[in-house]
**Student:** 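Just passing along the structure, written as structure tokens.
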Amino acid sequence: MTLIRLIAALCLLALPVTAQEGAVQTVLQTHAADIAEPSRRTIQPVLDDLAASGLPAMPAFLEAWADRGVVQRDADGLFFFGERDGDVYILRSIEDGSDAGTVGRRDADQLRPNAGVRRLIATALVQFQLNDPDPDRRRAALDALTRNPTPDLLAPLRASIEGEEDRAIRQRKEALDRLITIRFGEDRTTRLAAIFWMADQVSLEARAALNAVLTTDTFVGQPPEDANVARSLQVGTDITPDQALALLAAEGILPEDVTRADRDAALVAAIDGDSVAGVPVSSLNTEDARWAAYATLAENGAARPRPPVNAVEILLAANPIVEIYDEPDAAITAAAAEALTQVEARVARAQAADLGLDALSLASIYFLAAIGLAITFGVMGVINMAHGEFIMIGAYTGYVVQLFVPDYTLSLIIALPLAFCTAAAAGVALERLVIRHLAHRPLETLLATFGISVALQQIFKNIFGTQAVPLTSPDWLAGAWTLNDVVGISYIRIAIFILALLFLALLVYILRRTRLGLEVRAVTQNPGMAASLGIDPDRVGMATFALGSGIAGVAGVAIGLFAQVTSEMGASYIVQSFMTVVVGGVGSVFGTLAGAGLIGGLQKGIEWLNPSNTLAAQTYMILFIILFIQFRPRGIVAQKGRFAQ
């Protein structure tokens with residue numbers, strides 16, 4: 001036996017120092033007996049001492065302890081992280097997780113805290129997590145508290161607020177403090193203060209906390225005097241008669257009806273000679289006659305009377321159906337109901353603001369997609385069905401750039417001007433090779449550009465394949481700008497909105513302050529008079545087509561950042577682009593802006609009213625635009641000159 005002990009001692013000496021010594025081990029050894037055999041009665045002072053130590057490695061020990069991943073070695077009483085492997089435990093240091101050798105299964109005890117102790121350990125663990133130097137761990141602790149708030153965690157949460165330096169995390173801790181206080185607080189004043197604070201919020205947690213206070217149970221009969229009654233349920237308004245009857249039946253409160261078998265038995269028992277209650281038996285050959293005879297018996301006291309027609313109403317009058325709050329304090333429920341009303345009003349306003357942001361974002365996309373079409377249509381009167389393919393060309397240009405430039409920010413900077421140039425070159429080629437030869441022949445132009453649209457789609461499908469290709473946005477465009485749980489918009493949408501404003505300002509400057517803009521406006525107003533003044537309408541048309549097509553290419557890059565880049569992507573925007581141009585006013589930049597705003601707002605509004613059917617939303621939008629054109633055929637901003645004729 002002495003030899004065995006000597007060998008065991010030598011093995012212990014051979015173990016790493018960190019496995020046997022350290023600040024965590026020192027604290028644990030002061031409470032070794034209580035940790036090895038914990039109980040709810042004795043463990044709380046131990047947990048308080050462990051939490052007060054503030055050691056960075058202590059949370060890992062608490063987590064492993066709660067998950068039964070800690071063993072105590074019999075030879076020296078030291079604690080280790082232990083994982084069983086057959087007949088041995090593989091040990092790791094509780095200080096840093098380093099290898100601490102192995103020990104036989106019979107030479108160590110696995111710590112197995114019961115459910116009550118594990119809950120207390122979880123509470124102590126939250127104290128560490130709420131004060132962890134890593135902000136992500138503090139946020140994770142708050143997420144866990146939000147999912148499973150308990151009154152035991154209220155004290156450590158409040159204790160962590162004072163030293164919180166991160167403003168966002170501190171605000172969330174304060175909000176969570178009030179959320180837990182509302183449900184589990186014992187002081188009425190504190191709970192009311194938390195409820196009044198919730199009235200100014202719109203978060204899901206706030207609404208959930210207020211709704212939790214207002215939960216009710218249905219009660220049949222006269223409620224107790226101290227019951228916090230929410231409301232009395234009115235039959236026909238709040239519940240149906242069948243539901244009311246079912247609630248009465250569940251409580252055993254039902255009118256004592258008389259069945260046909262009961263009636264017939266009573267009539268047979270009352271037969272006196274050849275009559276029943278003075279009525280000949282031979283005349284009781286119908287249901288009405290039998291019920292009439294039974295009624296006579298009941299009047300004479302010889303049978304149980306049938307319940308009146310309004311028996312259910314009488315029972316309900318004597319046994320009202322009410323809803324009683326689970327929360328016994330009427331002041332708390334009244335404050336919570338008022339706060340929830342204010343919160344719901346704020347949520348409605350926030351939803352309206354969020355819908356407005358979505359509509360504004362969609363309008364900026366439609367504006368970018370349609371402004372080039374508005375310029376070419378306004379100057380040349382050409383219905384270009386291939387305009388959507390210029391959007392596609394721009395998107396694929398951005399994709400190709402990213403293949404050679406892996407830096408997404410740099411690739412985006414390169415792709416925007418390159419997409420403009422590529423799409424502009426394609427537009428010039430289309431104008432020079434096709435459109436100029438079909439001048440003043442709108443039907444042939446429409447058919448030709450439609451055929452070119454189909455051909456371009458097939459060409460790009462053959463080059464890039466049928467599957468969507470990625471156009472990845474930079475990291476600084478990832479995520480969303482979130483005001484609260486209701487209002488938010490992605491950074492990509494914000495960037496597209498800013499891009500639309502830049503192009504709006506650029507086009508206004510070109511049209512108002514440059515020679516090209518003067519010539520474009522002249523050709524738009526009266527091409528014959530412009531030609532007589534020395535302006536070449538063909539050159540202006542080509543330049544205008546290049547400008548409009550180039551803008552469509554830039555729009556393709558912007559759209560490709562959040563939508564799928566495919567050979568058919570342009571076709572998804574051509575209809576909306578034409579609607580935007582026609583509704584806004586052909587050839588007008590500000591008209592296109594107004595049309596985009598109207599189309600975007602209308603589409604989002606219809607989708608909000610009918611979110612489950614986007615196809616129906618498109619149909620309703622087209623019908624509205626048809627009606628709009630009937631009353632204002634030249635659009636919101638009507639052009640002058642030849643379009644006014």
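Values below: all heavy atoms of this structure, side chains included; hydrogens, waters and symmetry mates excluded. Here the structure is a predicted model, which is why all the values come from computation and not from measurement.
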**Student:** Classify the ring geometry between W65 and F61 as parallel (under 30°), tilted (30 to 60°) or perpendicular (over 60°).
**Tutor:** tilted
**Student:** Is a donor on one side and an acceptor on the other found under 3.5 Å between the side chain of N211 and the backbone of R207?
**Tutor:** yes
**Student:** For a quick test of reading the model, state the closest non-hydrogen atom pair linking Q342 to A199 and the distance between them.
**Tutor:** OE1-CB, 3.5 Å
**Student:** Where the side chain of D34 meets the backbone of I43, is there a donor-acceptor pair that is under 3.5 Å apart?
**Tutor:**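 Checked: no pair found.
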**Student:** Short question: side chain of K604, backbone of I599 - any donor-acceptor pair under 3.5 Å?
**Tutor:**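 It does not hold such a pair.
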**Student:** Would you say S275's side chain and I271's backbone share a donor-acceptor pair under 3.5 angstrom?
**Tutor:**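 No: the side chain of S275 does not pair with the backbone of I271.
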**Student:** Does a side-chain heavy-atom distance below 4.5 Å link L157 with S160?
**Tutor:**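 Yes, at least one pair of side-chain atoms sits under 4.5 Å.
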**Student:** Kindly give the heavy-atom pair with the smallest separation between P305 and A298, and that separation in Å.
**Tutor:** CA-CB, 3.8 Å
**Student:** Please report the interatomic distance CD(E323) to CZ(F219), rounded to the nearest 0.5 Å.
**Tutor:**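 Answer rounded to 0.5 Å: 13.5 Å.
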**Student:** Kindly indicate, with the supporting measurements, whether the criterion side-chain contact (heavy atoms from CB on, under 4.5 Å) is fulfilled by R493 and F562.
**Tutor:** CA-CA 8 Å; R493 298 276 184 145; F562 69 89; 3.9 Å; yes
**Student:** Identify whether the distance between the nearest side-chain nitrogen and carboxylate oxygen of D238 and R231 falls below 4.0 Å.
**Tutor:**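 Here D238 pairs with R231 in a salt bridge, since their nearest N and O are under 4.0 Å apart.
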**Student:** Can you tell me if E37 has over 12 outside heavy atoms packed within less than 6.0 Å of its CD?
**Tutor:**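 No, the 6.0 Å shell around CD holds no more than 12 heavy atoms from other groups.
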**Student:** Main chain of A302, side chain of N300: is a donor-acceptor contact present, judged purely on distance under 3.5 Å?
**Tutor:**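 A pair under 3.5 Å: no.
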**Student:** Please determine which of I195, T190, D177 meets the side chain to side chain contact (heavy atoms under 4.5 Å, CB included) test together with I182.
**Tutor:**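 Of the listed options, the one satisfying the test is I195.
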**Student:** Does Q564, at its CD atom, have more than 12 non-hydrogen atoms belonging to other residues, nucleotides or ligands within less than 6.0 Å?
**Tutor:**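 Counting neighbours around CD of Q564, 12 or fewer heavy atoms of other residues, nucleotides or ligands fall under 6.0 Å, so no.
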**Student:** Taking the side chain as every heavy atom from C-beta outward, state whether L111 and F79 have any pair of such atoms under 4.5 Å apart.
**Tutor:** yes
**Student:** Going by an N to O cut-off under 4.0 Å, is there a salt bridge joining D262 and R304?
**Tutor:**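 Between R304 and D262 there is a salt bridge, with a charged N closer than 4.0 Å to a carboxylate O.
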**Student:** Do P113 and P38 have side-chain heavy atoms sitting under 4.5 Å apart?
**Tutor:**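 Yes; the side chains approach each other to less than 4.5 Å.
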**Student:** Does CD belonging to E287 count more than 12 external heavy atoms closer than 6.0 Å?
**Tutor:** yes
**Student:** State, to 0.1 Å, how close V583 and G595 come at their nearest heavy-atom pair, and which atoms those are.
**Tutor:** CG1-CA, 4.3 Å
**Student:** Donor-acceptor pair, R84 side chain versus G86 backbone, under 3.5 Å?
**Tutor:**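 Pair found, side chain donor or acceptor close to backbone of G86.
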**Student:** Just do the side-chain contact (heavy atoms from CB on, under 4.5 Å) check on E164 and D166 with the steps written out, would you?
**Tutor:** CA-CA 6 Å; E164 182 57 62; D166 189 302; 3.3 Å; yes
**Student:** Is R178 reaching over with its side chain to a backbone N or O of A193, donor-acceptor style, under 3.5 angstrom?
**Tutor:** no
**Student:** Measuring only between side-chain heavy atoms, which start at C-beta, is I321 closer than 4.5 Å to Q243?
**Tutor:**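 With C-beta onward as the side chain, the pair stays apart.
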**Student:** Would a 4.5 Å heavy-atom cut-off, applied to side chains only, mark R138 and L130 as touching?
**Tutor:** no
**Student:** Is it true that a side-chain atom of S577 and a backbone atom of Y573 form a donor plus acceptor pair closer than 3.5 Å?
**Tutor:** yes
**Student:** Which heavy-atom pair separates L267 from A293 by the least distance, and what is that distance?
**Tutor:** CD2-CB, 3.9 Å
**Student:** Do M579 and Y366 make a side-chain contact, defined as non-hydrogen atoms from C-beta onward lying under 4.5 Å apart?
**Tutor:**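 No - every pair of side-chain heavy atoms lies 4.5 Å or more apart.
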**Student:** Would R191 and E327 pass as an ion pair if we require N to O under 4.0 Å?
**Tutor:**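 E327 and R191: salt-bridged.
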**Student:** Give the intermediate values and the outcome of side-chain contact (heavy atoms from CB on, under 4.5 Å) for residues V322 and I324.
**Tutor:** CA-CA 6 Å; V322 298; I324 298 178; 4.0 Å; yes
**Student:** Would you say the side chain of K173 lies within less than 4.5 Å of the side chain of Q171, judging by non-hydrogen atoms?
**Tutor:** no
**Student:** Apply side-chain contact (heavy atoms from CB on, under 4.5 Å) to I496 and I492, showing your working.
**Tutor:** CA-CA 6 Å; I496 292 175; I492 292 178; 4.1 Å; yes
**Student:** Answer yes when R172 and D143 have at least one side-chain N-carboxylate O distance shorter than 4.0 Å, and no when they do not.
**Tutor:**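 Yes, this pair counts.
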**Student:** Between I489 and S361, is any pair of side-chain heavy atoms under 4.5 Å apart?
**Tutor:** yes
